[in-house]
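Okay, so here's the structure we're looking at.
We count residues from 1, following the sequence as given.
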Amino acid sequence: MVNTTTTAGLIGVVLLARHGDRTAYYQDPATYNSTQAYITPLGEQQEYELGSFLRNTYLNSDSPSFIQNISTDVANINQLAVRADAGGGNVILNSAYALLQGLYPSTKKSEITLANGTTVVPPLGGYQYIPVESLEFWQSPSLTSWMDCEYFQYHLDRIYVSSTFLNMSSTAAPFLTALKPYLGGVSNNFTNMIYDHVNVQYTYNKTYYETLPPTFLQQARYYSDWLQHNVFTDSVQNGIGQISIRTLLPEVIWALGNMTKPSNQVKINIQEIDYKPFISLFNVTNATVTDPEIAGTVNYASVVALELSQNSQGQHEVSMKFKNGTQDSEFRQLKMFGNTSITLDSFIQQLFWTTINSTNNWCFSCNQTVYRGCSVFNYSNDPFLYGYGTGYTG
């Protein structure tokens with residue numbers, strides 16, 4: 001259902017934020033398991049600026065997207081739920097901390113006065129300590145569901161022998177040959193994360209920056225975007241290629257549903273993640289139909305906002321907006337299933353059936369019986385990974 005009239009202000013928002021700039025890493029093209037990576041000062045600044053942008057959007061009472069009844073200067077930790085992937089180095093977890101520094105910067109308004117009259121300001125000029133739930137790889141497949149997923153590896157195998165892939169690989173071959181002198185020891189195989197190497201070197205290596213031929217960075221990005229889109233999408237909504245968003249959607253649906261309840265206090269839910277769920281999300285919601293340019297890898301410090309509001313008929317509605325890192329100065333409105341806004345009921349109806357909402361469900365969906373806790377499960381049971389269903393009752 002298309003939104004026509006919405007009451008002033010938002011009820012809440014779920015934010016999917018990509019981490020900031022990081023050190024180089026290796027991602028195995030056969031499994032998409034990766035080595036560790038660490039956030040850089042540039043990445044920290046990108047995330048801080050993202051937090052400041054979100055602060056101006058959602059905590060500024062003059063903003064049309066101001067969230068009703070939210071604490072604007074001193075963080076009320078009961079109004080915030082923040083979760084970050086803690087595996088593979090510190091880049092994603094530390095990105096969450098940097099974002100929060102921009103969202104709720106240091107303030108002397110958090111000072112307290114003791115019984116003896118002494119005024120105490122927290123360290124660092126009133127730094128605000130906001131809890132972040134760090135999710136390790138071994139704890140849950142929720143944020144890294146493609147890893148150790150046997151059926152996802154079959155999906156990769158099918159892509160690499162498909163005529164579409166072989167044709168694109170052939171098209172890219174002359175460029176990859178020309179690029180080889182600039183790759184060091186990195187393979188120039190089309191399946192490899194070549195753009196990552198080129199981008200890191202171009203950003204931090206002065207000689208590389210000055211000698212890389214014009215358009216090489218852009219060409220590497222083009223082929224990388226094509227490959228990543230094909231890897232993390234599928235022809236059907238519940239396909240294994242879209243597993244990265246299918247395990248994250250239960251948290252999104254639960255958070256939005258909870259925000260509709262009078263007893264709920266959480267107004268901002270933040271999921272700090274890598275690039276993969278963005279690609280899948282845009283595909284499962286048909287956002288790329290009207291905005292095809294968002295089909296590839298999102299930039300560092302990108303964010304998707306799923307905003308919850310209530311229209312004049314009392315229906316809860318969800319709207320999806322996107323900011324592509326520092327490339328965009330403002331949010332752009334995306335369409336889900338052809339509409340700029342849909343009811344929460346419709347959002348759940350369209351997407352909940354695609355979700356993987358338990359460890360047991362993930363094990364079954366991935367044909368995994370040993371790793372990531374799967375050895376303990378009997379497929380006749382289905383204990384919920386998150387301890388809840390949709391969290392929404394209408």
Side-chain angles (χ1 to χ4, degrees), residues 10-19 54 58 65 67 79-85 92 96 99 132-133 135 140-146 232-233 237-238 242-261 264-287 294 298 302-309 316-323 331 334-337 339-359 361-362 365 384-394:
L10 298 178
I11 297 172
V13 64
V14 175
L15 300 170
L16 308 183
R18 189 188 177 191
H19 60 79
L54 295 171
Y58 296 115
S65 299
I67 296 175
Q79 294 182 335
L80 304 170
V82 187
R83 187 172 68 154
D85 176 9
I92 299 180
L99 184 155
V132 176
E133 177 191 356
L135 193 63
S140 162
S142 176
L143 301 181
T144 53
S145 51
W146 59 93
F232 290 101
T233 61
Q237 277 187 301
N238 64 339
Q242 313 200 114
I243 194 170
S244 63
I245 194 62
R246 292 174 61 201
T247 53
L248 181 53
L249 277 173
E251 170 73 18
V252 172
I253 292 172
W254 175 81
L256 290 170
N258 250 13
M259 288 175 185
T260 67
K261 299 178 179 179
N264 172 71
Q265 295 187 63
V266 175
K267 297 186 175 295
I268 298 179
N269 181 295
I270 301 173
Q271 304 292 309
E272 192 81 29
I273 52 179
D274 76 352
Y275 70 91
K276 302 171 184 71
F278 291 89
I279 298 175
S280 300
L281 174 66
F282 294 154
N283 195 60
V284 298
T285 58
N286 294 340
I294 66 173
V298 300
S302 290
V303 63
V304 161
L306 293 161
E307 298 179 348
L308 182 69
S309 59
H316 293 103
E317 296 189 326
V318 182
S319 176
M320 183 164 70
K321 296 179 180 178
F322 174 54
K323 181 178 181 296
F331 272 130
L334 299 181
K335 288 187 177 181
M336 291 186 291
F337 311 108
N339 296 310
T340 56
S341 183
I342 61 176
T343 65
L344 180 56
D345 284 332
S346 178
F347 182 84
I348 294 172
Q349 181 183 17
Q350 297 262 27
L351 294 173
F352 188 72
W353 73 276
T354 72
T355 64
I356 297 173
N357 56 13
S358 72
T359 300
N361 192 197
W362 178 86
S365 299
F384 276 86
L385 166 64
Y386 308 97
Y388 43 71
T390 67
Y392 181 66
T393 55

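- In this structure the side chain of Met259 reaches within 4.5 angstrom of the side chain of Val14, judged on heavy atoms.
- Between Phe282 and Leu334 there is a side-chain heavy-atom pair separated by less than 4.5 Å.
- If you take CG on Leu143 and CG on Asp85, they are separated by 5.5 Å, rounding to the nearest 0.5 Å.
- Within the model, atoms OG of Ser319 and CZ of Phe347 stand 11.0 Å from one another, a figure rounded to the nearest 0.5 Å.
- Among all heavy-atom pairs drawn from Ser140 and Leu135, the shortest one is CB-CD1, 4.1 Å.
- Without hydrogens or angle criteria, Ser302 side chain to Arg18 main chain gives no donor-acceptor distance under 3.5 Å.
- Side chains of Leu15 and Leu54 form a contact here, defined as non-hydrogen atoms less than 4.5 Å apart.
- The side-chain heavy atoms of Asp274 and Ile92, taken from C-beta on, include a pair separated by under 4.5 Å.
- Taking 4.5 Å as the limit, some side-chain heavy atom of Phe352 sits within range of a side-chain heavy atom of Asn357.
- Side-chain contact between Thr354 and Gln242 is absent, with no heavy-atom pair separated by less than 4.5 Å.
- Judged by distance alone, the side chain of Ser280 and the main-chain N or O of Phe232 form a donor-acceptor pair under 3.5 Å.
- Closest of all the heavy-atom pairs between Trp362 and Ser145 is NE1-O, 2.8 Å.
- Looking at Gln237, its side chain does come within 3.5 Å of a backbone N or O of Val284 through a donor-acceptor pair.
- Side-chain contact check for Ser142 and Arg83: at least one donor-acceptor pair (N or O, by modelled atom type) lies under 3.5 Å.
- Summarising the geometry of Ser65 relative to Leu10, their closest heavy-atom pair is O-CD1, 3.4 Å, with the distance given to 0.1 Å.
- A distance of 5.5 Å separates CG in Asn238 from CZ in Arg246, rounded to the nearest 0.5 Å.
- In this structure, His316 NE2 and Thr343 OG1 are separated by 11.0 Å, a value rounded to the nearest 0.5 Å.
- Counting heavy atoms from C-beta on, the side chains of Gln271 and Asn269 come closer than 4.5 Å.
- Contact of the Val82 side chain with the Ile268 side chain is not registered, since no non-hydrogen atoms from C-beta on lie closer than 4.5 Å.
- Ile245 contributes atom CD1, which lies 4.5 Å from atom CG of Leu281 (distance to the nearest 0.5 angstrom).
- Rounded to the nearest 0.5 Å, atoms OH (Tyr275) and NE2 (His19) are 9.0 Å apart.
- In this pair, Phe331 and Tyr58 present their aromatic rings tilted. The plane angle is within the 30 to 60° band.
- The minimum heavy-atom distance between Ala84 and Ala96, with the atom names listed, is CB-CB, 4.1 Å.
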